[in-house]
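Working notes, beginning with the structure itself.
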Amino acid sequence: LQHRVRKVTEGMEVLKTRTAVENAFFEVWNDIRWYRRRKEEVNPEILKQALETWIRLLAPFAPHICEEIWMKMGKEGFISLAEWPRYYEDKVNIRAEEAEELIKNVLEDTSNILRVTKIAPKKIYYYSAAPWKWKVYLKALEQSVSTKTDLSALMKESMKDPELKKAAKDVAKFTRKIIEEVNKMPEDKKHRELQIGVMKENKNLKQAERFFKREFNAEVYTYNEDDIQRYDPKKKADSARPYRPAIYIE
């Protein structure tokens with residue numbers, strides 16, 4: 001919600017009204033829909049707070065309906081005279097935002113697989129990337145900030161790490177896969193991911209298992225790529241990448 005407040009405010013200040021209204025209406029609504037979809041039981045107070053902020057952001061674009069909603073919420077005076085929502089940076093949790101983005105992407109990837117294969121899943125397995133892949137990925141991000149990295153530069157930097165040097169062949173193979181993706185990534189995305197560092201993917205996926213189970217009506221299991229006890233008959237775990245867990249469906 002804070003991100004939307006900032007985007008709408010910045011858009012209004014420089015008269016980018018299309019950007020402002022897209023965030024004020026569509027993006028906030030999408031966020032609310034996602035919250036309701038993710039939570040088994042929604043918190044009415046949170047929804048009320050979100051609605052109050054939402055209609056204040058929308059008031060310049062849809063004044064009449066926003067005044068009606070403002071009155072229905074029991075607010076005094078006109079919404080057109082109410083204080084504009086403030087952006088509170090201390091309320092922003094980048095880790096939480098990126099964790100939710102991870103869950104959205106895994107949901108979409110799983111849905112795409114099911115759509116293509118046309119199977120009714122009974123069991124779904126997720127495999128989060130091994131720690132050494134995170135090391136290489138973050139090195140790639142660091143090198144690509146404000147410029148482009150290449151295979152040679154990234155391998156040279158990776159080989160300085162004793163652990164990565166022992167797995168040079170696997171590192172080279174993995175590096176080739178991520179170079180183009182990292183170089184095309186928006187700068188703000190790079191900075192966000194560097195600020196987070198290694199995401200606890202396995203933990204986030206485990207916490208979302210009940211959500212995935214509801215969505216796909218299937219049993220869901222989560223493993224680390226390097227877990228020797230993992231169930232992985234098709235060796236899918238090897239394809240796991242940071243922010244892109246591997247998926248196996250039965």
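A quick note: this is a predicted structure, and the numbers were derived from the prediction, not measured.
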Quiz item: Are R192 and E97 close enough, and set up right, to give a salt bridge (charged side-chain N to carboxylate O under 4.0 Å, His left out), and what steps lead you there?
Solution: CA-CA 10 Å; R192 283 170 68 90; E97 290 178 2; 2.8 Å; yes
Exercise. Verify side chain to side chain contact (heavy atoms under 4.5 Å, CB included) between T53 and L57, making sure each step is shown before the conclusion.
Key: CA-CA 6 Å; T53 301; L57 292 175; 4.3 Å; yes
Self-check item: Verdict with reasoning, T175 to V171, per side chain to side chain contact (heavy atoms under 4.5 Å, CB included)
Solution: CA-CA 6 Å; T175 299; V171 171; 3.8 Å; yes
Quiz prompt | Verdict with reasoning, L51 to W54, per side chain to side chain contact (heavy atoms under 4.5 Å, CB included) | solution = CA-CA 5 Å; L51 176 61; W54 190 21; 4.1 Å; yes
Quiz prompt | Trace of the side chain to side chain contact (heavy atoms under 4.5 Å, CB included) decision for E219 with K213 | solution = CA-CA 6 Å; E219 294 300 317; K213 183 177 181 179; 3.3 Å; yes
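In the hydrophobic cluster analysis, where Ile, Leu, Val, Met, Phe, Trp and Tyr join through side-chain heavy atoms closer than 4.5 angstrom, L114 is grouped apart from Y221. L205 and V198 fall within the same hydrophobic cluster, defined by Ile, Leu, Val, Met, Phe, Trp and Tyr side-chain heavy atoms under 4.5 Å apart, directly or through other members. Note on I69: it clusters hydrophobically with L47, by side-chain heavy-atom contacts below 4.5 Å among ILVMFWY residues. When hydrophobic clusters are built by joining Ile, Leu, Val, Met, Phe, Trp and Tyr residues whose side-chain heavy atoms come closer than 4.5 Å, directly or via intermediates, I178 is not grouped with Y127. Hydrophobic clustering (ILVMFWY, side-chain heavy atoms < 4.5 Å, transitive): F61 and L81 are in distinct clusters.
A donor-acceptor pair under 3.5 Å links the side-chain atoms of R56 to the main chain of E83, judged by distance alone. Looking at T147, its side chain never comes within 3.5 Å of a backbone N or O of S144 through a donor-acceptor pair. A donor-acceptor pair under 3.5 Å links the side-chain atoms of Q2 to the main chain of Y88, judged by distance alone. Using modelled atom types, no side-chain atom of N224 and backbone atom of D227 make a donor-acceptor pair closer than 3.5 Å. Not one N or O on the side chain of R36 forms a donor-acceptor pair closer than 3.5 Å with the backbone of V42.
Note that CE of M12 and CG of N23 are 12.5 Å apart. Values are rounded to the nearest 0.5 Å. To the nearest 0.5 Å, atom CD of residue E101 and atom NZ of residue K189 are 5.5 Å apart. For the atom pair CD1 (I55) and CD1 (I79), the distance works out to 4.0 Å, reported to the nearest 0.5 Å. Between the CG atom of D238 and the NZ atom of K236 there is a distance of 11.0 Å, given to the nearest 0.5 Å. In this structure, CG in N43 is found 7.5 Å from NZ in K39, a value given to the nearest 0.5 Å. Atom CG of N93 sits about 10.5 Å away from atom CD of E98, to the nearest 0.5 Å.
Within the 4.5 Å cutoff, no side-chain heavy atoms of I124 are placed close to those of F212. For the pair E193/M199, no side-chain contact is recorded, criterion being any heavy-atom separation below 4.5 Å from C-beta on. For the pair R86 and T9, the minimum side-chain heavy-atom distance is 4.5 Å or more. Side-chain atoms of L1 and Q49, non-hydrogen and from C-beta on, never get closer than 4.5 Å to each other. No side-chain heavy atom of T222 sits less than 4.5 Å from a side-chain heavy atom of Y125. Here the side chains of N30 and R33 are in contact, with some heavy-atom distance below 4.5 Å. The closest side-chain heavy-atom distance from V182 to L141 is below 4.5 Å. Between K123 and V220 the shortest side-chain heavy-atom distance does not fall below 4.5 Å.
Between E163 and K135 there is a salt bridge, with a side-chain nitrogen of the basic residue lying less than 4.0 Å from a carboxylate oxygen of the acidic one. Remark: E215 engages R37 in a salt bridge, criterion side-chain N to carboxylate O under 4.0 Å. Salt bridge status for K184 with E180: present, with a side-chain N to carboxylate O gap under 4.0 Å. In summary, D170 and K133 do not engage in a salt bridge, as defined by a charged side-chain N under 4.0 Å from a carboxylate O. Of the charged side-chain nitrogens involved, none lies within less than 4.0 Å of a carboxylate oxygen, so that K16 and E10 do not count as a salt-bridged pair. We find that K160 and E157 are joined by a salt bridge, their nearest charged nitrogen and carboxylate oxygen being less than 4.0 Å apart. Between K48 and E52 there is no salt bridge, since no side-chain nitrogen of the basic residue lies less than 4.0 Å from a carboxylate oxygen of the acidic one.
Taking both residues in full, the closest heavy atoms of F216 and P121 are given as O-CG, 3.8 Å, listed atom of the first, atom of the second, then distance. Taking each heavy atom of V5 and P85 in turn, the nearest pair found is CG1-O, 3.6 Å. Residue P233 comes nearest to E250 through the heavy atom pair CG-OE2, 4.2 Å, listed as atom of the first residue, atom of the second, then distance. Considering all non-hydrogen atoms of both residues, G197 and W134 come closest at O-CZ3, 3.8 Å. Shortest non-hydrogen contact noted between L102 and P245 is CD1-CD, 3.9 Å. In this structure, P131 and D226 approach most closely via the heavy-atom pair CD-OD2, 3.3 Å.
Side-chain atoms of E225 and S128 form no donor-acceptor pair, as typed in the model, at a separation below 3.5 Å. Between the side chains of Y126 and T110, at least one donor N or O sits under 3.5 Å from an acceptor N or O.
Of the candidates Q143, E142, K139, T149 forms a side chain to side chain donor-acceptor pair (under 3.5 Å) with just one, namely Q143. The one candidate from H3, R4, E22 that meets the side chain to side chain contact (heavy atoms under 4.5 Å, CB included) condition with V28 is R4.
The six-membered or imidazole ring of Y223 lies away from that of Y231, with a centre-to-centre distance of 6.0 Å or more. Less than 6.0 angstrom separates the ring centroid of W34 from the ring centroid of F211.
The cationic group of K177 does not satisfy the cation-pi geometry with F174, failing either the under 6.0 Å distance to the six-membered ring centre or the 45° limit from the ring axis.
Enclosure of atom CG in N217 is not indicated, since only 12 or fewer non-hydrogen atoms of other residues, nucleotides or ligands lie within 6.0 angstrom. Other residues, nucleotides and ligands place no more than 12 heavy atoms under 6.0 Å from the CZ atom of R244. Heavy-atom contacts from other residues, nucleotides or ligands closer than 6.0 Å to CZ of R210 number 12 or fewer. Residue E89 qualifies as open at atom CD: its count of foreign heavy atoms under 6.0 Å is 12 or below. By the 6.0 Å contact criterion, NZ on K104 is enclosed, its count of non-hydrogen atoms from other residues, nucleotides or ligands being greater than 12.
The aromatic rings of Y243 and Y137 are tilted relative to each other, their planes meeting at an angle between 30° and 60°.
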